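Residues take their numbers from the sequence shown, with the count starting at 1. Note that the structure is predicted; figures quoted are calculated from it, not measured.
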Amino acid sequence: MCRKKGIQRLVISDHNTILGARLAFQLDPEMVIIGEEIKTQQGELLAAYVQEVIPAGLPSLEAISRLRSQGAFISVSHPFDRLRNGHWELDDLQRIAPLVDAIEIFNSRCMSPRFNQEAADFARLHHLPGTAGSDAHTPGEIGGARVSLPFFSDADTLRAVISPSSLPLAPGASLGAFLLVLCAVEAHLKYD
């Protein structure tokens, strides 16, 4: 399905687990990047290239430290979506801004465009790249938001190619050399 939509890489993440992402990776290691959406005490983080699960409920600085120790790419999920439990207070977000790789500036599930705009403004102000998240909870939602990037193969090369000028694309937009879709998939997979 992803290849039919023109998606070359897909970060599969679920809330506070990597089991589903690991299963998907086994099915298609060229497509799937193992991710996790982590509920910290301050808000949610979305990490790619996760090796070990980060438990929910940690202080954000501890979660970031653990992600850094495994070399993960760290983005902040839907930081200004005040309709969600995982949004961030401005002081907390400013505290972690120098420690993360990107800010999610477009999330397909944000109910108000203002929430995405506030995230984009914050990213621009702090010179952080923007990511886009489909936040897919069903297969049909995958690819609802995309970022066009040059080729990358791991967290380090992703950090090298993503820049503050990387812009999210709508599903029908003209695409560059490589697509990354950050996707919080609540997979209903059997874990046994």
**OP:** Kindly give the heavy-atom pair with the smallest separation between V32 and A24, and that separation in Å.
**Re:** CG2-O, 3.7 Å

Subject >> Any donor-acceptor N/O pair, N116 side chain to N107 backbone, under 3.5 Å >> reply: yes

Subject >> Steps toward side chain to side chain contact (heavy atoms under 4.5 Å, CB included) verdict (F73, I33) >> reply: CA-CA 11 Å; F73 179 90; I33 298 167; over 6 Å; no

Original post:
Side chains of E89 and H87: closer than 4.5 Å at any heavy-atom pair?
Top reply: yes

Subject >> Separation of E104 CD from L128 CG (nearest 0.5 Å) >> reply: 13.5 Å

Subject >> Derivation and outcome, side chain to side chain contact (heavy atoms under 4.5 Å, CB included), residues F122 and Q94 >> reply: CA-CA 9 Å; F122 182 89; Q94 288 173 329; 3.8 Å; yes

Subject >> Point-to-point distance, once rounded to the nearest 0.5 Å, from CG of L125 to CG of D121 >> reply: 8.5 Å

Original post:
With sequence neighbours left out, what residues match T40 under side-chain hydrogen bond (donor to acceptor under 3.5 Å, both in side chains)?
Top reply: none

Subject >> Contacts of type salt bridge (charged side-chain N to carboxylate O under 4.0 Å, His left out), residue R159, not counting sequence neighbours >> reply: D101, D156

Subject >> Approximate separation, where rounding is to 0.5 Å, of E37 CD and D14 CG >> reply: 8.5 Å

**OP:** Could you check if a side-chain atom of V53 sits within less than 4.5 angstrom of a side-chain atom of N16, using non-hydrogen atoms only?
**Re:** no

**OP:** State, with a plain yes or no, whether a side-chain heavy atom of L67 is found less than 4.5 Å away from one of I38.
**Re:** yes

**OP:** Could you pull out the closest heavy-atom pair between A119 and I105, with the gap in Å?
**Re:** O-CG2, 3.7 Å

Original post:
Got a second to check how far L45's CG is from S77's OG, nearest 0.5 Å?
Top reply: 6.5 Å

**OP:** Starting at CG of L19, measure out to CD of E36 and round the result to the nearest 0.5 Å.
**Re:** 9.5 Å

Subject >> side-chain hydrogen bond (donor to acceptor under 3.5 Å, both in side chains) involving Q41 - partner list, sequence neighbours excluded >> reply: none

Subject >> From CD (E30) to CZ (R9), nearest 0.5 Å >> reply: 7.0 Å

**OP:** Name all residues meeting the side-chain hydrogen bond (donor to acceptor under 3.5 Å, both in side chains) criterion together with S65; count only those two or more places apart in sequence or in a different chain, and write none if there are none.
**Re:** none

Original post:
Within a strict 4.5 Å, meaning less than it, do heavy atoms of the I74 and L99 side chains meet?
Top reply: no

**OP:** Could you tell me whether the side chain of F80 reaches within less than 4.5 Å of the side chain of L90, counting heavy atoms only?
**Re:** yes

**OP:** Check side-chain hydrogen bond (donor to acceptor under 3.5 Å, both in side chains) between Q51 and all other residues, then give those that pass, not counting sequence neighbours.
**Re:** none

**OP:** Please name the pair of heavy atoms, one in P129 and one in A123, separated by the smallest distance, quoted to 0.1 Å.
**Re:** O-CB, 4.5 Å

Subject >> Least distance between heavy atoms, G86 atom then W88 atom >> reply: O-CD1, 3.8 Å

Subject >> Residue pair I96 / Q42, side-chain heavy-atom distance below 4.5 Å >> reply: no

Original post:
Under 4.5 Å between any side-chain heavy atoms of L46 and S13, yes or no?
Top reply: yes

Original post:
Which atom pair, heavy atoms only, marks the closest approach of A21 to I12?
Top reply: CB-O, 3.2 Å

**OP:** Check the pair I162, T131 against side chain to side chain contact (heavy atoms under 4.5 Å, CB included), reporting the backbone distance first and the verdict last.
**Re:** CA-CA 9 Å; I162 196 167; T131 61; 3.9 Å; yes

Original post:
Looking only at heavy atoms, which two atoms of T157 and S153 are closest? And how far apart?
Top reply: OG1-N, 2.7 Å

**OP:** With sequence neighbours excluded, give me every salt bridge (Lys or Arg N to Asp or Glu O under 4.0 Å) pair touching residues 38-62.
**Re:** E62-R66

**OP:** For side chain to side chain contact (heavy atoms under 4.5 Å, CB included), just list the numbers for R84 and F115, CA-CA rounded to whole Å, side-chain angles, deciding distance to a tenth of an Å, and then say yes or no.
**Re:** CA-CA 11 Å; R84 295 186 204 220; F115 300 148; over 6 Å; no

